[in-house]
Amino acid sequence: MVGFIKLPITLKAEINLVLVAVTGLGLVTRLWGIHFPKAVVFDEVYYGQFVSLYMKQVFFIDDSGPPLGHMILALGAYLGGFDGNFQWNRIGAEYSSNVPVWSLRVMPALMGALSVPLGYQLVVELGYSHLTALVASLLLLMENSLIVQARFMLLESVLVFFLLLAVFSYLKFHNASSSSTPGPSSAWAWLILCGVACAGAVGVKYTGLFTYLLLLSIAGVHTWQIIGDRRLPSVGVLGQVTGRALALVLLPVCLYLGIFYAHLTLLYRSGPHDQIMSSAFQASLEGGLSRITQGQPLEVAYGSQVTLRNVLSKPLPCWLHSHKTNYPIRYENGRGSSHQQQVTCYPFKDINNWWIVKDPGKQELVVSSPPRPVRHGDTVQLLHGMTSRLLNTHDVAAPMSPHSQEVSCYIDFNISMPAQNLWRVVREYANSSCVLSYRSTLHFNLILVLDSPSGFYMLPYIINIKIWTHCIFTI
């Protein structure tokens, strides 16, 4: 085997010194002194909050864009040992000693620096001379706005990097493969890199979608030219079309979804944006609904702790809510009330939104073993978790809607106003065997059940609510 090795072993390499020089200058102008100023600058006050949440693995959703940019910033913070403990409350606030300023800003700086040689290479791939490419790279190098954006914890330089990489990679692929030949295997590596960069651009900011669509349009024109080339065999054309579709469509979509998968996997603790997610998702977060629902059956059973949301509430859906405050004996307009405990509709998550589903014939307030699920048509009582009073109504005018009845939590004042706290669960298009499940979005009605000489009857006023999801409730 040794005989096949020819000595001496030599290695030849061509180094573009101009490219090395502009790369070095890019690194110097973007990285030198990025720890100064040691204070929050501009949108660092915004992005820093998300970095801290990543460090604490607390769930959040930024409605301004996808999470990849925040994850890249958080990577730098993680490598610098940042623990996430800093109050991002104002621009100009001095960073404390536990904040690794250099690490927080290094990822945008690196990507901003690498954008300079990418610009050089891109111009070369467009077919222009190296002198023209040098001029283009110097313009990128000395552009003040690009320098400033790259030296702070911002996302613009990250976006620009992915955009330039995507365009450069596609040009490399196109130049390496012509319409008459399938092209070498290395050319397909450039196309795959283009798909990765497109996913990265869209994953940082949705404005990256415009460049992605531009590249798809260009690739579509090139692919159409290949389809119309009769010199190519059918198998070769099919391979070209399939390869481009996989690299430029399927791969970016999968990577984009993977970004959100990684985001949701990393952030497993309850956070400030829980309420915009489904109840089932909230229950999966550590420290959120899981503290209350842990160990409860998947179906709503007697003893289950639930929240109830009024889906007909305007302008926002709100949760059935009560607190240790009674209706006034008389309102300002002179009307009287039951002076019972107030029941309202509250549009925010709150501990006072929780209710226990109770069997009217039993005193137990915990889920039995085995659990007894609540079914369509069952009569239940709803016990307020914080005040231990039952959801109730009386033939008293409601405070906000005098034409409707007041809903309250019952207090026994030892007067001639008996409790009316039995509610029948009625789900539309359901039968008696239908159970209520936490896993699905359920719309059902609570209908008051009253005892009368003729038996039970239902008032023709309905509260429409949804499981797990404060306005005045009236019937």
Side-chain angles (χ1 to χ4, degrees), residues 11-32 68-69 72 106-147 149-151 155-179 181 183-205 207-208 210-219 221-222 243-244 247-248 251-252 255:
L11 177 64
K12 294 181 179 181
E14 292 184 3
I15 299 177
N16 187 336
L17 296 180
V18 175
L19 183 60
V20 172
V22 296
T23 303
L25 289 172
L27 291 170
V28 171
T29 55
R30 270 66 175 176
L31 287 171
W32 182 76
L68 180 60
I72 292 174
V106 69
M107 296 305 291
L110 280 175
M111 292 186 167
L114 293 177
S115 296
V116 177
L118 273 177
Y120 180 96
Q121 292 283 71
L122 191 153
V123 174
V124 170
E125 292 301 321
L126 285 172
Y128 294 97
S129 66
H130 284 271
L131 179 60
T132 305
L134 175 61
V135 173
S137 63
L138 290 177
L139 291 174
L140 290 173
L141 176 69
M142 296 184 294
E143 171 54 47
N144 187 58
S145 62
L146 295 179
I147 295 174
Q149 289 171 348
R151 291 176 59 84
L155 295 182
E156 281 72 21
S157 61
V158 181
L159 175 63
V160 170
F161 169 79
F162 280 118
L163 295 178
L164 290 175
L165 180 60
V167 176
F168 166 67
S169 301
Y170 184 78
L171 290 174
K172 287 286 291 186
F173 165 76
H174 179 67
N175 292 337
S177 60
S178 65
S179 61
T181 59
S185 57
S186 59
W188 290 102
W190 286 112
L191 189 64
I192 292 173
L193 180 59
C194 176
V196 173
C198 288
V202 179
V204 172
K205 284 191 174 184
T207 51
F210 295 106
T211 300
Y212 176 50
L213 294 176
L214 173 63
L215 288 175
L216 280 182
S217 301
I218 296 173
V221 172
H222 293 162
R244 292 165 192 253
L248 294 180
L251 178 61
L255 291 176

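Only this structure's heavy atoms are used, side chains among them; waters, hydrogens and symmetry mates stay out.
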Quick one: list whatever passes side chain to side chain contact (heavy atoms under 4.5 Å, CB included) with Leu214, sequence neighbours left out. Ile218
If you take all heavy atoms of Ala219 and Arg244, which pair is closest and at what distance? O-NH1, 4.5 Å
Side-chain contact test, heavy atoms from C-beta onward, threshold under 4.5 Å: evaluate it for Leu155 versus Leu159 and give yes or no. no
Report the C-alpha separation of Val158 and Met107 in whole Å, then their side-chain angles, then the decisive distance to 0.1 Å, and conclude whether the side-chain contact (heavy atoms from CB on, under 4.5 Å) test is met. CA-CA 8 Å; Val158 181; Met107 296 305 291; 5.8 Å; no
If you measure from OG on Ser137 to CE on Met142, what distance do you get to the nearest 0.5 Å? 9.0 Å
Flag side-chain contact, heavy atom, 4.5 Å: Thr132 against Val135: no
So Ile72 and Met111, side-chain contact (heavy atoms from CB on, under 4.5 Å) or not? Walk me through it. CA-CA 10 Å; Ile72 292 174; Met111 292 186 167; 4.0 Å; yes
side-chain hydrogen bond (donor to acceptor under 3.5 Å, both in side chains) contacts touching residues 156-168 (sequence neighbours left out): Glu156-Lys205
Expected output: side-chain Tyr212 to main-chain Leu248 donor-acceptor under 3.5 Å: yes
Nearest 0.5 Å, please: how far is CG in Leu68 from CG in Leu255? 10.0 Å
In this structure, OG1 of Thr23 is separated from CG of Leu27 (nearest 0.5 Å) by 7.0 Å
Listed by chain and number, what are the side chain to side chain contact (heavy atoms under 4.5 Å, CB included) partners of Val124, not counting sequence neighbours? Tyr120, His130, Ala133
Residues passing the side chain to side chain contact (heavy atoms under 4.5 Å, CB included) test with Ile147, sequence neighbours excluded, are Arg30, Arg151
Report yes if the side chains of Phe173 and Cys194 come closer than 4.5 Å at any heavy-atom pair, otherwise no. no
Find the distance between OG (Ser115) and CD (Glu143) and round it off to the nearest 0.5 Å. 12.5 Å
Over all atoms of both residues, closest heavy-atom pair of Ala247 and Pro252: O-CD, 3.3 Å
Interatomic distance, CG@Leu191 vs CG@Leu215, rounded to 0.5 Å, equals 10.0 Å
Spacing of Leu163 atom CG and Thr211 atom OG1 [to the nearest 0.5 Å]: 4.0 Å
Using side chain to side chain contact (heavy atoms under 4.5 Å, CB included) as the criterion, list what pairs up with Leu118, not counting sequence neighbours. Phe161, Leu164, Leu165, Phe168
Minimum-distance pair of heavy atoms, taken over all atoms of Leu140 and Gly119: CD1-CA, 3.6 Å
Does some side-chain heavy atom of Val20 sit less than 4.5 Å from a side-chain heavy atom of Ile15? yes
Sorted by chain and residue number, the side chain to side chain donor-acceptor pair (under 3.5 Å) partners of Tyr170 (sequence neighbours excluded) come out as His222
